Asks: 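Pasting a structure below so you can have a look.
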Amino acid sequence: IACGALVIGNEAGSARFWDKRAATYDKTEADNEQLHRAIVERSLGFLGSDDVALDYGCGTGALSYRLAPHVKALLGVDISQRMIDTARDRTDLEHVESLRFSAGSIFDDAVQPESFDAILASQVLHVMSNGDEALDRIHDLLKPDGWFLSTTPCMGENQRVMKLANRALSMASAVRAIPYMKFYSAPDLERSISDAGFEIHETADLPFDQRSDMRYVFARFVAARKIR
């Protein structure tokens, strides 16, 4: 596993946005504790003690810390240097030997093809403007029969309560007040994953916590195996 600094490239604008949020990000994560527990519980069913895993878009490492003790090695990667700095500070305190963090992108050459038994992406795909390319890259980075475990807010579902919110978020994203945001429906999300060369084995709708700003939508958990 390459754990040195990775090149961010054209994701720099998004990285600056997340850098600004790093100081308060753990509060947001705490508001989604119920969701995190559900993601961990589901993910552990597809991880083994000899696995080498990648947590892409790891933020400050909230999920990475919970999953790392259950695998041989876990690399957390995020485009925000400040998020990674916070995650590393926590590593020094908690001494999780199987866990490493790196600031950068899965598109960097330092991340080698067929290096991982499992790749996790929690609340990541919907803020990637190159989501289809990211899925292709995740496919390349997985070993044969490797697992892609994703959890993605599906804000494109036709929920009456979300129509105005979706419109407002779309406008904010268009003027770059927030990063790019894609409004997936569950079928569209699963179709994108399947088209990238995965076979879907398990799905589940996971609710956001009632304290969360996202409490009116659900996150779609998808466990998919690399098949070609």
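Please read these numbers as outputs of a predicted model, since none were measured by experiment. Only this structure's heavy atoms are used, side chains among them; waters, hydrogens and symmetry mates stay out.
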Asks: Roughly how far, to the nearest 0.5 Å, is OG of S185 from CD of E190?
Replies: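 Spacing of CD (E190) from OG (S185) equals 8.5 Å.
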Asks: For D108 and A110, indicate whether the former's side chain and the latter's backbone hold a donor-acceptor pair under 3.5 Å.
Replies: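 Yes; at least one donor-acceptor contact below 3.5 Å.
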Asks: What are the two closest non-hydrogen atoms of A223 and L149, and how far apart are they?
Replies: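 Looking at all heavy atoms of both residues, the shortest contact is CB-CD2, 3.7 Å.
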Asks: Any side-chain heavy-atom pair from L67 and D55 closer than 4.5 angstrom?
Replies: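 Contact flag for L67/D55 side chains = no.
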Asks: Hey, does K182 have a side-chain heavy atom less than 4.5 Å from the side chain of L125?
Replies: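 Not touching, per the 4.5 Å side-chain cut-off.
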Asks: Measuring from atom NE2 of H70 to atom OG of S49, what distance do you get when rounded to the nearest 0.5 angstrom?
Replies: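 OG of S49 is found 11.0 Å from NE2 of H70.
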Asks: Without swapping roles, check the side chain of D117 against the backbone of V52 for a donor-acceptor pair under 3.5 Å.
Replies: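 Yes; judged by distance alone, with no hydrogens or angles, the pair exists.
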Asks: In this structure, would I200 and F148 fall into the same cluster of hydrophobic residues linked by side-chain contacts under 4.5 Å?
Replies: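 Same cluster: I200 reaches F148 through Ile, Leu, Val, Met, Phe, Trp or Tyr contacts under 4.5 Å.
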Asks: Honestly curious: do I227 and I119 fall in one hydrophobic cluster under the side-chain, below-4.5 Å linking rule?
Replies: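 No, I227 does not connect to I119 through the hydrophobic network.
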Asks: Is the shortest heavy-atom distance from the side chain of T151 to the side chain of R42 under 4.5 Å?
Replies: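 Result no, sub-4.5 Å side-chain heavy-atom pair not found.
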Asks: Using atom types as modelled and distance alone, determine if a side-chain donor or acceptor of Y65 lies under 3.5 Å from a backbone N or O of A87.
Replies: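 Judged by distance alone, yes, a pair lies under 3.5 Å.
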Asks: With a 4.5 Å limit on heavy-atom distance, are the side chains of F107 and N130 in contact?
Replies: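 Yes, side chains in contact.
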Asks: Could you check whether any side-chain heavy atom of D78 comes within less than 4.5 Å of a side-chain heavy atom of M83, counting everything from C-beta outward?
Replies: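 When only atoms from C-beta onward are counted, M83 and D78 do touch, with a gap below 4.5 Å.
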Asks: If the threshold is 4.0 Å, N to carboxylate O, is there a salt bridge linking D145 and K226?
Replies: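 No.
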Asks: Going by heavy atoms in the side chains, are D205 and R220 under 4.5 Å from each other?
Replies: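 They are in side-chain contact.
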Asks: Is the closest side-chain heavy-atom distance between I106 and I138 below 4.5 Å?
Replies: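 When only atoms from C-beta onward are counted, I138 and I106 do touch, with a gap below 4.5 Å.
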Asks: If you measure from the Lys or Arg side-chain nitrogens to the Asp or Glu carboxylate oxygens, is any gap between R137 and E133 under 4.0 Å?
Replies: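 E133 and R137: not salt-bridged.
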Asks: For V111 and Y56, what are the C-alpha separation, side-chain angles and deciding distance, and is it a side-chain contact (heavy atoms from CB on, under 4.5 Å)?
Replies: CA-CA 12 Å; V111 186; Y56 185 53; over 6 Å; no
Asks: Identify the two heavy atoms, one from S43 and one from L120, that lie closest to each other, and give their separation to 0.1 Å.
Replies: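 Where S43 meets L120 most closely, the heavy atoms are OG-CD2, 3.7 Å.
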Asks: Parallel, tilted or perpendicular: which fits the ring planes of F221 and F46, with parallel below 30° and perpendicular above 60°?
Replies: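 Taking F46 first and then F221, their aromatic rings sit tilted (interplane angle of 30° to 60°).
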Asks: If I take atom CG from residue D50 and atom NZ from residue K72, how far apart are they, to the nearest 0.5 angstrom?
Replies: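 Answer for the CG-NZ pair, D50 versus K72, is 6.5 Å.
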Asks: Provide the closest heavy-atom pair for C58 versus G76 in the form atom of the first, atom of the second, distance.
Replies: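 Looking at all heavy atoms of both residues, the shortest contact is SG-C, 3.5 Å.
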Asks: Aromatic rings H201 and W147: how do their planes relate, parallel, tilted or perpendicular, breaks at 30° and 60°?
Replies: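 Rings of H201 and W147: perpendicular, over 60°.
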Asks: Does this structure show an ion pair linking D188 with R191, if we count only N-O contacts that are shorter than 4.0 Å?
Replies: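 A salt bridge links D188 with R191.
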Asks: For the atom pair OG (S80) and CG (D85), what is the distance rounded to the nearest 0.5 Å?
Replies: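 One gets 8.0 Å once the value is rounded to the nearest 0.5 Å.
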Asks: Work out which heavy atom in S192 is nearest to a heavy atom in Y184; give both atom names and the distance.
Replies: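 Scanning both residues completely, I find the closest heavy atoms to be OG-CE2, 4.2 Å.
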Asks: Can you establish whether the number of heavy atoms outside E41 located under 6.0 Å from its atom CD is more than 12?
Replies: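 Count not over threshold, so no.
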Asks: Can you give me the closest heavy-atom contact between A103 and Q81, atom names plus distance?
Replies: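 What the structure gives for the nearest pair is CB-OE1, 3.2 Å.
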Asks: Given side chains that start at C-beta, do those of I84 and R88 come closer than 4.5 Å, heavy atoms only?
Replies: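 A side-chain contact under 4.5 Å exists here.
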Asks: Checking S150 side chain against A121 main chain: does a donor-acceptor pair fall under 3.5 Å?
Replies: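 Between the backbone of A121 and the side chain of S150 there is no qualifying donor-acceptor contact (under 3.5 Å).
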Asks: Drop me the distance from S102's OG to I79's CD1, to the nearest 0.5 angstrom.
Replies: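 These two atoms lie 12.5 Å from each other.
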Asks: To the closest 0.5 Å, what do you measure between CD1 (I193) and CG (D132)?
Replies: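 Going from the CD1 atom of I193 to the CG atom of D132 covers 10.5 Å.
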Asks: What pair of heavy atoms forms the shortest contact from P69 to S98, and how long is it?
Replies: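 Heavy atoms of P69 and S98 come nearest at N-OG, 4.2 Å.
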